[in-house]
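Chain letters run A, B, ... following the sequence lines, proteins first and then strands; every chain starts at 1. If you're wondering where the values come from, they're calculated on a predicted model, not measured in any experiment.
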Amino acid sequence: MSAGTVRIAKPTGEFVDVEVGTTVADALRALGERRVGEVIAAAVDEHLVDLSSSIGGGAVVRPVFSDSREGLEIIRHSTAHLMAHAVKRLFPETQVTIGPVIESGFYYDFKRERPFTPDDLERIEQVMQEIASANLAVERREVSKLEAIEFFRSVGEAYKVEIIEGIPDDRVSLYAQGDFTDLCRGPHVPSTGRLKAFKLTSVAGAYWRGSEKNEMLQRIYGTAFASPKELKAHLAMLEEAKRRDHRRLGRDLNLFSFHPEAPASPFFHPKGALVYNELVAYIRRLYDQFGYQEVLTPQVLDVDLWKRSGHYDNYRDNMYFTEADERAMAVKPMNCPSHCLLYGMATRSYRDLPMRLADFGRLHRYERSGVTAGLTRVRSFSQDDAHIFCTPDQIEGEVGRVIDMLFRTYDLFGFTERRIYLGTRPEKSTGSDAMWARAESTLTQVLQNRGITHELHAGDGAFYGPKIDFCILDAMRREWQLGTIQLDFSMPERFDLHYVNSAGEEERPVMIHRALLGSIERFMAILIEHCAGDFPLWLAPVQMRLVTVTEDQHAYAEDVLATLRAAGLRAEADLRKEKLGFKIREAELQKIPFVLVMGDKEVATRTVAPRRRGAGTLAPVGVAELIETAMTEIRPVMGGGVP
RNA sequence: GCUGGCGUAGCUCAACGGUAGAGCACCUGAUUUGUAAUCAGGCGGUUGUAGGUUCGAUUCCUAUCGCCAGCUCCA
């Protein structure tokens with residue numbers, strides 16, 4: 001190896017000597033990289049760089065392909081620049097701010113007096129196409145901060161100046177393509193021609209630096225992929241998400257509705273209420289098995305209670321208030337204060353603990369008008385809420401039991417992909433350092449002992465204690481929070497709760513707030529979208545629909561219907577004078593799990609011809625056998641089923 | 001709450017300054033039908049609400065309510 005050369009290697013070990021200053025692209029060629037046309041950037045000693053950057057010393061060079069996650073992010077980031085370039089060309093008075101890559105694409109925030117219209121988006125996309133076709137080289141250069149500030153000031157980009165002023169390094173990098181220059185860490189694709197598949201999706205307002213106090217910018221969202229095929233697949237997925245939207249299915253399946261008279265508060269129709277109540281029934285069965293006691297508590301309580309609990313200070317903006325007998329009252333947004341009253345009404349012994357109080361009480365929370373959405377964020381709802389009062393020594397065991405309940409429940413619904421977050425002490429909090437340290441280490445311990453991988457969300461705990469949040473990924477790979485376990489040392493203090501220990505001394509119990517499904521409303525939304533309206537048999541509002549071929553089978557159908565209902569199945573009969581195909585189509589559109597066809601043949605053999613949704617036509621069976629098939633599926637979840 | 005978009009028949013959409021139209025749904029009749037749409041006829045709208053401009057408003061303007069996409073928030 002001569003003085004002017006350096007040794008570069010592939011991650012797999014093969015190496016070659018090249019001149020100092022060789023570009024990364026040439027280095028990859030020298031290493032015999034065959035798919036060089038698909039390489040978009042490279043990692044030099046695992047540090048992402050542009051293909052045009054030069055090699056300064058011996059290094060391991062790994063190509064980054066357009067079809068890798070890293071490559072995709074670079075493409076998206078470069079597409080964000082492409083968009084900013086197009087915007088500046090069309091609307092030169094616009095100022096650029098920031099344009100990061102996000103989960104499903106990218107966005108760029110602009111400062112502009114007039115908001116962008118959907119028409120503008122189309123024009124911007126067109127210009128993006130033009131700039132991409134021109135295949136402009138994307139060139140990086142490093143300059144001093146001062147130089148960069150001077151540059152952006154000269155072109156009137158005040159936000160860029162502000163950003164650079166906040167960067168601690170002495171030098172910053174700029175990327176230029178044609179007449180557009182942007183501040184950026186990089187790396188980027190080598191030229192705009194590498195961007196072949198992108199689409200602008202929406203425009204929305206967004207606050208500068210994410211703060212409500214700052215001015216609002218115009219954000220344009222877009223997405224980009226390595227190939228048009230992948231873009232098409234992504235857009236198809238968005239269509240699928242629309243098809244599964246619980247608001248659409250809720251209407252089509254006649255489950256619930258919303259009315260302007262009670263904004264963001266669902267009205268459940270008979271079928272929706274049935275699903276709702278079956279979910280609650282399932283949770284009640286679980287409570288039986290795990291030693292919970294259900295209570296019922298008032299809807300409207302004296303404001304003094306909420307002052308004592310701390311809600312008045314911390315949660316007032318989200319509460320509804322009223323007055324009766326000249327007393328200030330509040331509609332409950334949570335159940336915990338009521339449960340504290342119940343706990344505190346008698347002297348409790350350590351022998352009474354843990355005491356697990358469950359409550360499906362309806363909660364009302366005033367949510368700001370812009371934040372509500374379908375069933376996922378409502379103002380009136382209930383939770384599978386419970387509070388466990390226990391001794392400090394019991395925390396670990398109780399948390400473990402809740403985790404068992406959680407996982408069993410999520411498995412049942414097919415939510416097998418989970419993400420678990422440990423939220424630790426936030427800036428505003430009550431309680432001693434020692435208490436927090438102990439509580440946090442207890443939760444960590446439980447998770448570790450069970451081998452549950454989790455992420456730390458530092459500072460994300462409640463003000464009264466740390467928590468574990470349980471999220472799932474649905475069929476569309478969207479993340480939703482369902483369950484939560486929160487340790488609370490503050491509420492027992494505020495309500496001066498105690499128990500008498502084995503030595504006869506009074507001690508402070510710990511309170512654990514926990515929910516499995518979270519809000520039932522929200523869970524229903526998630527479940528509907530997850531299963532696209534095809535509820536599991538035990539939850540389906542109508543489990544079986546009888547369909548006759550002609551009027552000759554009506555008597556038999558009534559007979560079978562009575563038998564099915566007596567067995568505890570939710571069945572109905574379609575006796576209309578319509579063609580079979582028509583009736584079946586309607587039953588399928590209603591996503592009814594079993595369609596039971598009966599013509600003269602079935603009457604003669606005392607059978608039904610079942611058609612199972614998703615599985616097609618099955619061989620005719622006797623009614624008793626059909627009931628057994630169905631109950632075999634329902635029993636493990638709901639028990640016997642026969643009333 | 002903030003920014004933008006949208007509110008026409010139960011649903012999906014059309015008409016966009018000259019007092020609203022289609023398909024499906026619904027109702028009625030005919031058809032007795034074997035695994036995702038039988039045919040015919042009929043009913044159905046003060047175009048979210050309230051003002052304004054205009055000879056005339058579904059269409060333009062203002063306010064308001066609701067919904068949607070984001071932002072912020074989410075014990």
K.L.:
If you measure from the C1' atom in B:U54 to the same atom in B:U59, how many Å do you get, rounded?
P.N.:
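To the nearest whole Å, 13 Å.
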K.L.:
What pairs with A:Arg613 under side-chain contact (heavy atoms from CB on, under 4.5 Å), at least two apart in sequence or on another chain?
P.N.:
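Once residues adjacent in sequence are excluded, the partners of A:Arg613 under the side-chain contact (heavy atoms from CB on, under 4.5 Å) criterion are A:Asp534, A:Glu588, A:Lys591.
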K.L.:
Judged by modelled atom types alone, do A:Thr605 and A:Glu602 share a side-chain donor-acceptor pair under 3.5 Å?
P.N.:
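Judged by distance alone, the side chains do not pair up.
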K.L.:
Could you list the residues that satisfy side chain to side chain donor-acceptor pair (under 3.5 Å) with A:Thr94, not counting sequence neighbours?
P.N.:
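For A:Thr94, no residue satisfies side chain to side chain donor-acceptor pair (under 3.5 Å) once neighbours in sequence are set aside.
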K.L.:
Give each protein N/O atom lying under 3.5 Å from an N/O atom of nucleotides 58-64 of chain B, with the pair distance.
P.N.:
none

K.L.:
When the C1' atoms of B:U47 and B:U28 are considered, how many whole Å apart are they?
P.N.:
29 Å
K.L.:
Could you pull out all residues at least two apart from A:Tyr159 that satisfy side chain to side chain donor-acceptor pair (under 3.5 Å)?
P.N.:
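Partners of A:Tyr159 under the side chain to side chain donor-acceptor pair (under 3.5 Å) test: A:Glu215.
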K.L.:
Please give the distance between the C1' atoms of B:G56 and B:C60 as a whole number of Å.
P.N.:
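My reading of the C1' atoms in B:G56 and B:C60 gives 13 Å.
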K.L.:
Just to verify, what does A:Thr409 make a side chain to side chain donor-acceptor pair (under 3.5 Å) with, not counting sequence neighbours?
P.N.:
A:Tyr282
K.L.:
To the nearest Å, how far apart are A:Gln383 CD and B:C74 P?
P.N.:
16 Å
K.L.:
Could you tell me whether A:Arg612 sits above the aromatic face of A:Phe594, with NZ or CZ closer than 6.0 angstrom to the six-membered ring centre and within 45 degrees of the axis?
P.N.:
yes
K.L.:
Below 3.5 Å is the cut-off: list the nitrogen or oxygen pairs between protein and nucleotides 7-14 of chain B, distance only.
P.N.:
unit_1 : atom_1 : unit_2   : atom_2 : d
B:C11  : O3'    : A:Arg251 : NH2    : 3.4
B:U12  : OP1    : A:Arg251 : NH1    : 3.4

K.L.:
More than 12 heavy atoms of other residues, nucleotides or ligands under 6.0 Å from NZ of A:Lys199: is that the case?
P.N.:
no
K.L.:
Tell me whether the side-chain N or O atoms of A:Arg368 pair up with the base of B:C74 as donor and acceptor below 3.5 Å, since no angle test is needed here.
P.N.:
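Donor-acceptor pair under 3.5 Å: no.
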K.L.:
Specify whether A:His81 and A:Tyr108 have parallel, tilted or perpendicular ring planes, treating 30° as the upper limit for parallel and 60° as the lower limit for perpendicular.
P.N.:
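Perpendicular.
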K.L.:
Nearest-Å distance, NE2 (A:His554) to P (B:U32)?
P.N.:
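Distance check: A:His554 NE2 to B:U32 P gives 14 Å.
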K.L.:
Going by salt bridge (Lys or Arg N to Asp or Glu O under 4.0 Å), name the residues that satisfy it together with A:Arg362, two or more places apart in sequence or in a different chain.
P.N.:
A:Glu521
K.L.:
When the P atoms of B:U8 and B:C13 are compared, how many Å lie between them, rounded to an integer?
P.N.:
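Between the two P atoms, the distance is 10 Å.
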K.L.:
Give the rounded distance in Å between these two atoms: CG of A:Asp120 and P of B:G5.
P.N.:
11 Å
K.L.:
Return the set of residues passing salt bridge (Lys or Arg N to Asp or Glu O under 4.0 Å) with A:Lys577 (not counting sequence neighbours), or none when no residue passes.
P.N.:
none
K.L.:
Measure CG/A:Asp109 against C1'/B:C2 and give the value in whole Å, please.
P.N.:
14 Å
K.L.:
By side chain to side chain donor-acceptor pair (under 3.5 Å), which residues pair with A:Arg316, not counting sequence neighbours?
P.N.:
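None.
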K.L.:
For nucleotides B:C24 and B:A63, find the distance between their C1' atoms and express it as a whole number of Å.
P.N.:
36 Å
K.L.:
Mind checking the CD-CG spacing from A:Glu479 to A:Asp474? Nearest 0.5 Å is all I need.
P.N.:
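So the CD of A:Glu479 and the CG of A:Asp474 are separated by 10.0 Å.
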K.L.:
Send over the distance from A:Arg112 CZ to B:U3 P, rounded to a whole Å.
P.N.:
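After rounding, the reported distance stands at 17 Å.
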K.L.:
Kindly state whether the ring of A:Phe110 and the ring of A:Phe116 have centres lying under 6.0 angstrom apart.
P.N.:
yes
K.L.:
Could you walk me through whether A:Tyr421 and A:His454 pass ring pair (Phe, Tyr, Trp, His ring centres under 6.0 Å), step by step?
P.N.:
CA-CA 5 Å; A:Tyr421 304 101; A:His454 61 276; 9.5 Å; no
K.L.:
When the P atoms of B:G48 and B:C55 are considered, how many whole Å apart are they?
P.N.:
24 Å
K.L.:
Whole angstroms only, please: what is the NZ-P distance between A:Lys583 and B:U32?
P.N.:
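Going from NZ in A:Lys583 over to P in B:U32 covers 14 Å.
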K.L.:
Does this structure show an ion pair linking A:Glu239 with A:Arg243, if we count only N-O contacts that are shorter than 4.0 Å?
P.N.:
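Result for this pair is no, no salt bridge flagged.
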K.L.:
Is any side-chain N or O of A:Arg522 under 3.5 Å from a base N or O of B:C74, one able to act as donor and the other as acceptor?
P.N.:
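Checked by distance alone, the answer is no.
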K.L.:
Please work out if A:His513 contacts a base, only the sugar-phosphate, or nothing of the nucleic acid, heavy-atom cut-off 4.0 Å.
P.N.:
nothing
K.L.:
Taking the P atom of each, how far is B:C2 from B:U72, in whole Å?
P.N.:
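Those two atoms are separated by 16 Å.
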K.L.:
Check nucleotides 67-71 of chain B for protein N or O atoms closer than 3.5 Å to its own N or O atoms and list the pairs.
P.N.:
unit_1 : atom_1 : unit_2   : atom_2 : d
B:C68  : OP1    : A:Arg247 : NH1    : 3.0
B:A69  : OP1    : A:Arg247 : NH2    : 3.0
B:G70  : O3'    : A:Tyr221 : OH     : 3.0
B:G70  : O2'    : A:Tyr221 : OH     : 3.2
B:C71  : O4'    : A:Gly205 : O      : 3.2
B:C71  : O2'    : A:Tyr207 : N      : 3.1

K.L.:
Scan nucleotides 33-40 of chain B nucleotide by nucleotide, 5' to 3', and note B when protein non-hydrogen atoms come under 4.0 Å of the base, S if they reach only the sugar-phosphate, - if neither.
P.N.:
BBBBBB--
K.L.:
Whole angstrom is fine here: how far is it from CZ in A:Phe110 over to P in B:G4?
P.N.:
17 Å
K.L.:
Could you check whether A:Thr548 and A:Lys583, counting side-chain N and O atoms only, form a donor-acceptor pair closer than 3.5 Å?
P.N.:
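Side chains of A:Lys583 and A:Thr548: pair found under 3.5 Å.
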K.L.:
Could you tell me how far B:C27 sits from B:C65 if I compare only their P atoms? Round to whole Å.
P.N.:
38 Å
K.L.:
A:Lys332 and A:Thr297: side-chain donor and acceptor closer than 3.5 Å?
P.N.:
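A pair is found: one side chain offers a donor N or O, the other an acceptor, under 3.5 Å apart.
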K.L.:
What dot-bracket string describes RNA chain B from 5' to 3', counting Watson-Crick and G-U wobble pairs whose defining distances are under 3.5 Å, with [ ] for crossing pairs and | for pairs to another strand?
P.N.:
(((((((..((((....[..)))).(((((.......))))).....(((((..]....))))))))))))....
